[in-house]
Asks: 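Mind having a look at this structure? Questions to follow.
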Number of protein chains: 2
Amino acid sequence: MSTDSDLAEVDTTAKRPRGRPRKTVDERDDGNRRVALLTAAASLFRRQGFAATTTRDIAAAAGMQSGSPFYHFKSKDALLFAVMESGMHAALARQRSAVQAPGHAGLPAHAQLRQLVQVHFDVLLGPGNDFVPVMLYESRSLPARQRKLLAQLISEYESLWTPVLNALRDSGQLRAPVGLARLLILGALNWSVQWFDPKKGASVQDLTDAATALFLN
Amino acid sequence: MSTDSDLAEVDTTAKRPRGRPRKTVDERDDGNRRVALLTAAASLFRRQGFAATTTRDIAAAAGMQSGSPFYHFKSKDALLFAVMESGMHAALARQRSAVQAPGHAGLPAHAQLRQLVQVHFDVLLGPGNDFVPVMLYESRSLPARQRKLLAQLISEYESLWTPVLNALRDSGQLRAPVGLARLLILGALNWSVQWFDPKKGASVQDLTDAATALFLN
DNA sequence: CCTACCGATCGGTAGG
DNA sequence: CCTACCGATCGGTAGG
């Protein structure tokens with residue numbers, strides 16, 4: 001997991017940034033407590049859904065009183081958006097650093113796909129990684145404008161997959177149109193959020209093996 | 001689409017059943033209006049989510065006053081459960097009648113998988129088919145007891161896939177463990193609810209082609 | 001199935 | 001970040 005300031009999902013131990021980067025007009029950035037609210041919200045939104053989660057629930061989980069979240073976030077919507085944006089930034093950062101790792105570009109396409117799949121599973125299923133699942137399953141709850149902002153990040157994320165899938169398609173290892181293949185593959189991975197249980201048999205490695213074996217010739 | 005009484009998803013024209021089969025203690029069965037509530041609820045639950053949908057919204061969509069849904073359903077939860085149960089019964093009926101169609105048993109395994117995939121896409125994406133998507137994406141909102149009842153139906157549904165996948169695995173056409181393969185494949189299909197747009201390029205046929213090509217050797 | 005209504009809860013705010 | 005609070009909304013009900 002990267003340690004880059006306020007975008008790391010579970011880095012509750014982050015020191016207050018000195019030159020604090022104010023992110024949007026909707027939020028303040030007071031370091032510690034704000035992160036506590038984000039992680040509490042992500043966990044609750046994932047377990048109960050956005051609409052079924054109370055700002056009072058979130059406040060209590062972060063050890064605050066009922067009105068205090070609104071000192072850090074303008075609204076419940078802004079809190080949801082911050083969770084999703086933060087999750088997508090972390091996922092993008094992890095996927096990019098995997099792709100840019102030395103020697104990665106020289107790997108055969110099927111090994112590159114395997115990398116993408118593994119990191120994706122880890123982003124979804126790793127311990128404490130609630131941010132991206134919330135983004136996947138609660139985007140309906142976002143106001144249209146903020147949903148468009150997120151769509152941009154999602155599009156960037158998908159663009160990491162396209163060249164790899166194109167190469168696989170060209171070499172005959174992928175037998176479906178690349179556009180639909182990407183949607184179907186990401187769907188197969190994203191759905192794991194619904195059924196994966198770390199206490200049960202399969203590990204993230206097992207899932208990665210099964211998925212790549214399933215999709216490739 | 002089958003026409004079997006109150007379980008058909010979009011059959012708003014159903015006549016009142018004579019020997020009315022009272023289904024559970026939680027609901028009455030007055031035919032017409034009850035079905036109107038179910039279809040209105042399914043549509044709203046799908047678009048807005050369960051928690052964000054008001055019983056007043058549902059009543060208005062069915063042309064009733066705010067208190068009237070509770071004449072037909074004991075609670076908002078009971079309405080959600082009825083939507084899900086009805087959707088799963090319809091899906092099971094459609095999948096079974098496809099499997100039992102004359103000549104189907106003689107088809108090669110890859111053609112049987114194609115059938116399952118096509119019917120599944122149609123259940124999810126066909127016009128007015130909101131019931132099963134609600135079940136897929138709102139089961140979190142169900143009380144534990146009713147979730148267990150649904151799990152039974154889901155398990156029956158999945159059991160239709162297992163022998164086909166086993167046959168494909170044995171003949172080398174499927175290269176992943178059957179258990180994980182089933183989860184991944186159904187995930188790829190289920191996720192289409194999030195992105196499929198009938199007004200855009202791809203048709204359900206296209207999706208079926210792409211999915212079978214992607215999964216099979 | 002409608003009318004009229006209740007108790008509880010919720011997002012959000014003022015003022016410190 | 002807390003205290004105290006408001007206005008609105010919501011699931012559900014009694015009585016017809």
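Every heavy atom of this structure was used, including side-chain atoms; hydrogens, water molecules and symmetry mates were not. Computed from a predicted structure; not experimentally measured. Lettering of chains follows the sequences in order, A, B, ..., and the numbering in each one begins at 1.
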Asks: Name the orientation class of the two ring planes belonging to A:Trp191 and B:Tyr137 (parallel below 30°, tilted from 30 to 60°, perpendicular beyond 60°).
Replies: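 Taking B:Tyr137 first and then A:Trp191, their aromatic rings stand perpendicular (interplane angle over 60°).
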Asks: What is the distance, to the nearest angstrom, from the CD atom on A:Gln48 to the C1' atom on C:dC10?
Replies: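 A:Gln48 atom CD is separated from C:dC10 atom C1' by 14 Å.
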Asks: Quick one: are B:Arg33 and B:Leu37 in side-chain contact, heavy atoms under 4.5 Å?
Replies: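 Of all side-chain heavy-atom pairs linking B:Leu37 with B:Arg33, none is under 4.5 Å.
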Asks: From C-beta outward on B:Tyr71, which listed nucleotide comes closest to its side chain: D:dG11, C:dT13, C:dC1?
Replies: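 The closest nucleotide is C:dC1.
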Asks: Among C:dC1, D:dG12, C:dC2, which is the nearest nucleotide to the side chain of B:Lys76?
Replies: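 My answer, after comparing the listed nucleotides, is D:dG12.
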Asks: So which nucleotide from D:dC10, C:dT3, C:dG12 ends up closest to the side chain of B:Arg56?
Replies: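 Of the candidates, D:dC10 comes closest.
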Asks: Does the side chain of A:Thr162 come within less than 4.5 Å of A:Arg182's, by heavy atoms?
Replies: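 In contact.
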Asks: Calculate the interatomic distance between B:Asp77 atom CG and D:dG11 atom C1'; express it in whole Å.
Replies: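 Value for this atom pair: 10 Å.
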Asks: When the distance from NZ of A:Lys74 to P of C:dA14 is rounded to whole Å, what number comes out?
Replies: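 The distance from NZ of A:Lys74 to P of C:dA14 comes to 14 Å, rounded to the nearest Å.
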Asks: Roughly how many Å is it from CG in B:Leu37 to C1' in D:dG11, rounded to a whole number?
Replies: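 In whole Å, D:dG11 C1' lies 15 Å from B:Leu37 CG.
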Asks: Both B:Ser66 and A:Gly67 contact DNA chain C. Taking the nearest nucleotide for each, which residue is further toward the 5' end?
Replies: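 Counting from the 5' end, the first nearest nucleotide belongs to B:Ser66.
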Asks: Would you mind reading off the distance between A:Phe70 atom CZ and C:dG11 atom C1', rounded to a whole angstrom?
Replies: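 Distance check: A:Phe70 CZ to C:dG11 C1' gives 5 Å.
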Asks: Do the side chains of B:Gln48 and B:Asp57 get nearer than 4.5 Å, heavy atoms only?
Replies: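 Yes, close enough: below the 4.5 Å cut-off.
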Asks: Please classify the nucleic acid contact of B:Thr54 as base, sugar-phosphate, or nothing, using heavy-atom distances under 4.0 Å.
Replies: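 If one applies the 4.0 Å heavy-atom cut-off, B:Thr54 turns out to touch the sugar-phosphate alone, with no base involved.
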Asks: Expressed in angstrom and rounded to an integer, what is the separation of B:Gln65 atom CD from D:dG11 atom P?
Replies: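 To the nearest whole Å, that distance equals 16 Å.
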Asks: With both distances under 3.5 angstrom, what nucleotide forms a Watson-Crick or G-U wobble pair with D:dG16?
Replies: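 In the structure as shown, D:dG16 has C:dC1 as its Watson-Crick or wobble partner.
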Asks: Does a side-chain heavy-atom distance below 4.5 Å link A:Asp122 with A:Arg94?
Replies: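 In contact.
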Asks: How many Å lie between CD1 on A:Ile58 and P on C:dC10, as a whole number?
Replies: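 The answer, rounded to whole Å, is 11 Å.
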Asks: Between atom CG in B:Asp57 and atom P in D:dG11, what is the gap in whole Å?
Replies: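 For the pair B:Asp57 CG and D:dG11 P, the rounded distance is 8 Å.
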Asks: Looking at C:dC2, C:dG11, D:dG11, which one has an atom nearest to any side-chain atom of B:Met64?
Replies: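 Nearest to the side chain of B:Met64 among the choices is C:dC2.
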Asks: Considering only side-chain heavy atoms of B:Thr55, which listed nucleotide, D:dG11, C:dC2, C:dG12, is closest?
Replies: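 Among D:dG11, C:dC2, C:dG12, the one nearest the side chain of B:Thr55 is D:dG11.
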